[in-house]
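Worksheet for the structure shown next.
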Amino acid sequence: MRPKAFLVIIIIAVMPLVLSSVATPFPETVRTFSYQTLKPVFQTSDFVSDNFKGLFTKAKDFLSVHKQNQELKNQIRDLKMEVAELKEENKKIERLAQILPFLDQGPRSMVYSQIIFRGMSFWDQTVIIDKGSKQGIQKDMPVITHMGLVGKVTGSAPSTASVILLTDHSSRVGALGQESRDIGLLCGEGVKLLRMIYLDLSSTIKIGDTIVTSGMGGVFPKGIPVGKVETVAKDKDGLHLYALVRPFVDFSKLEEVLCLLKQRGELRYSQSS
Amino acid sequence: MPSQTARRIAILSVILIFFEVFLGRVLEFYSVRPDLFLIYIVFWAFVIDRRSAPQIAIVLGLLRDVFSTGFFGAETLSYFIVGLLVSMLSLKVERANFLIHGITCFLFSLAHFWIYAVLILVMNGSSGIPGNFWWITLFDSLYTALMAAWMIGFFERLIYFRTSRSNLFA
């Protein structure tokens with residue numbers, strides 16, 4: 001290869017990196033245009049991928065059907081007892097709602113969206129959803145499912161938006177133990193488990209505790225369920241404890257999400273379970 | 001130029017790019033997936049034309065940058081460097097051996113991750129590198145190597161099936 005031609009190739013290879021450093025909106029414009037243009041293809045391919053992966057899951061499920069049957073019977077027994085308890089709780093809530101009318105601010109507005117694209121590598125645990133600024137979705141809006149917290153919006157185009165998942169290594173969420181009330185910081189690590197750091201050495205957090213958002217930082221409302229503690233151990237520095245948290249949401253099977261739109265006043269969220 | 005072979009290469013390229021961009025998740029196991037673009041760069045350098053491998057790497061890197069949410073341009077540059085190194089290496093190794101294909105893809109997959117990590121470190125600082133970086137890169141590279149050991153030979157048989165093996169870019 002001639003030196004001149006080689007120099008041109010090197011310039012072409014470096015050009016995108018330089019452009020994205022100098023002209024910040026450039027990459028976002030290119031990406032948004034690509035996602036918008038190929039939206040139907042992404043939707044179709046996502047459908048195909050989900051169904052293909054679903055075949056293996058179904059085959060695996062068939063092998064464990066007897067064990068699952070026993071487990072489900074046990075669950076039905078437990079749930080019957082739980083229903084009775086919940087009926088009592090429901091009556092209690094009805095009474096409390098009459099006493100505390102100021103809490104009745106109406107449900108937070110939500111936008112239902114479908115996932116149309118997922119990041120291609122572990123570097124970007126990000127998904128693209130099929131709703132955007134036209135539907136009121138803006139940057140930093142919390143994203144949830146009926147199971148719990150999913151992540152937050154990092155950018156929005158007119159009819160798409162990108163959502164960073166909790167598992168992304170740059171994701172940080174203020175969290176607390178629902179039972180122990182210990183406060184920490186949840187960090188994504190690119191894998192299924194989340195790491196809750198900066199827990200006090202005297203904290204009483206234990207395996208099986210539910211972790212919810214702390215409401216600190218102003219992005220996530222307080223009380224959104226995140227996951228359950230799987231491990232608690234002392235940090236390398238010996239000054240703090242850390243906990244490994246398994247999220248309630250299975251990010252590999254995520255298909256639909258809800259974006260919480262901003263509202264005035266205190267943000268509240270009640271766990272449906 | 002044997003036009004039938006050129007047509008097969010074009011079709012293979014389109015299918016591979018489409019698969020990696022739109023259906024890559026099908027091959028994913030526990031967040032680990034093979035790097036089909038890297039396999040294709042090695043295939044191109046070893047089987048088709050080693051001199052144009054860096055240009056192919058730039059095109060694939062750009063595609064990767066467009067259809068991801070990482071730092072724009074980092075994939076293009078890291079793939080280009082890998083393409084350049086692969087094209088130099090292709091002169092010095094036995095290019096028809098499936099073990100060499102696997103080992104090359106393993107090493108260059110690791111190299112691609114590390115070059116990308118260095119670029120991210122320079123652009124974003126250490127916050128851009130995940131804590132379990134070493135393990136993930138290792139498993140991704142192993143998976144890529146296993147796929148490459150089979151795929152490169154398969155691609156070769158596919159494009160030269162019942163055609164002459166003359167050099168397309170001579």
Side-chain angles (χ1 to χ4, degrees), chain A residues 1 5-6 9-10 12-21 23-24 26-28 30-31 33-35 38 41-42 44-46 48-53 56 117-128 154-155 162-164 167-170 172 187-193 195 251-252, chain B residues 18-33 35-37 51-52 54-55 57-59 61-81 83-84 87 113 116-117 119-120 122-124 127-133 135-137 139-140:
Chain A
M1 197 182 294
F6 188 62
I9 290 169
I10 290 177
I12 293 170
V14 178
M15 189 80 82
L17 200 66
V18 175
L19 266 175
S20 63
S21 307
T24 321
F26 165 73
E28 282 313 308
V30 173
R31 282 171 176 163
F33 176 76
S34 313
Y35 290 135
L38 298 169
V41 187
F42 279 125
T44 315
S45 64
D46 221 33
V48 173
S49 300
D50 286 340
N51 279 292
F52 186 81
K53 291 206 110 177
F56 290 102
F117 180 71
R118 289 157 199 266
M120 286 166 72
S121 69
F122 79 93
W123 290 102
D124 46 313
Q125 300 273 322
T126 311
V127 293
I128 305 292
T154 52
S162 54
V163 175
I164 186 168
T167 48
D168 189 282
H169 55 266
S170 62
R172 303 283 183 272
C187 308
E189 295 199 307
V191 289
K192 287 188 175 176
L193 293 181
R195 186 179 287 258
F251 293 99
S252 62
Chain B
F18 185 87
F19 196 87
E20 174 72 0
V21 174
F22 297 104
L23 296 168
R25 231 159 34 88
V26 168
L27 296 175
E28 189 180 292
F29 290 105
Y30 299 99
S31 308
V32 176
R33 62 193 282 180
D35 188 345
L36 297 185
F37 282 176
R51 283 169 302 174
S52 56
Q55 288 95 307
I58 290 176
V59 175
L62 259 176
L63 273 170
R64 195 110 197 210
D65 270 325
V66 170
F67 295 109
S68 67
T69 49
F71 199 92
F72 193 87
E75 292 277 14
T76 310
L77 189 56
S78 56
Y79 269 123
F80 168 68
I81 296 169
L84 205 64
S87 75
F113 275 122
Y116 186 87
L119 290 171
I120 293 293
V122 173
M123 296 297 175
N124 277 354
S127 63
I129 307 292
N132 47 4
F133 171 76
W135 286 112
I136 292 177
T137 54
F139 286 125
D140 262 24

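In this text, all values refer to a predicted model and were calculated from it rather than measured experimentally. Protein chains get the first letters and strands the later ones, always in sequence-line order, with residue 1 at the start of each.
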Please look at B:Phe71 and chain A and tell me whether the side chain, the backbone, both or neither of the residue comes under 4.5 angstrom of a heavy atom of that chain.
-> both
Among A:Val48, A:Thr44, A:Leu38, which residue meets the side chain to side chain contact (heavy atoms under 4.5 Å, CB included) test with B:Phe22?
-> A:Leu38
Nearest 0.5 Å please: distance from the CZ atom of B:Phe80 over to the CD1 atom of A:Ile12.
-> 9.5 Å
Rounded to the nearest 0.5 Å, how far apart are CG of B:Leu63 and OG of A:Ser34?
-> 9.0 Å
Report the distance from atom CE of A:Met15 to atom CG of B:Leu77, rounding to the nearest 0.5 Å.
-> 12.5 Å
Which residues pass the side chain to side chain donor-acceptor pair (under 3.5 Å) test with A:Ser20, sequence neighbours left out?
-> none
What part of A:Ile10 lies closer than 4.5 angstrom to a heavy atom of chain B: side chain, backbone, both or neither?
-> both
Does a side-chain heavy-atom distance below 4.5 Å link B:Ile136 with A:Val191?
-> yes
List the steps and the verdict of side-chain contact (heavy atoms from CB on, under 4.5 Å) for B:Phe72 and A:Ser21.
-> CA-CA 9 Å; B:Phe72 193 87; A:Ser21 307; over 6 Å; no
Which pair of non-hydrogen atoms, one from B:Thr76 and one from A:Ala13, has the smallest distance, and what is that distance?
-> CG2-O, 3.9 Å
Over 12 foreign heavy atoms within 6.0 Å of CZ, A:Phe33 = no
Chain A contact via B:Ile81 - which portion, at a heavy-atom distance below 4.5 Å | neither
Tightest non-hydrogen contact, residues B:Leu23 and A:Ser45, listed as CD2-O, 3.6 Å
Would you find a donor on one side and an acceptor on the other, under 3.5 Å apart, between the side chain of A:Arg31 and the backbone of B:Phe67?
-> no
Heavy-atom closest pair (B:Gly73 atom, A:Pro16 atom, distance to 0.1 Å) is CA-CB, 3.7 Å
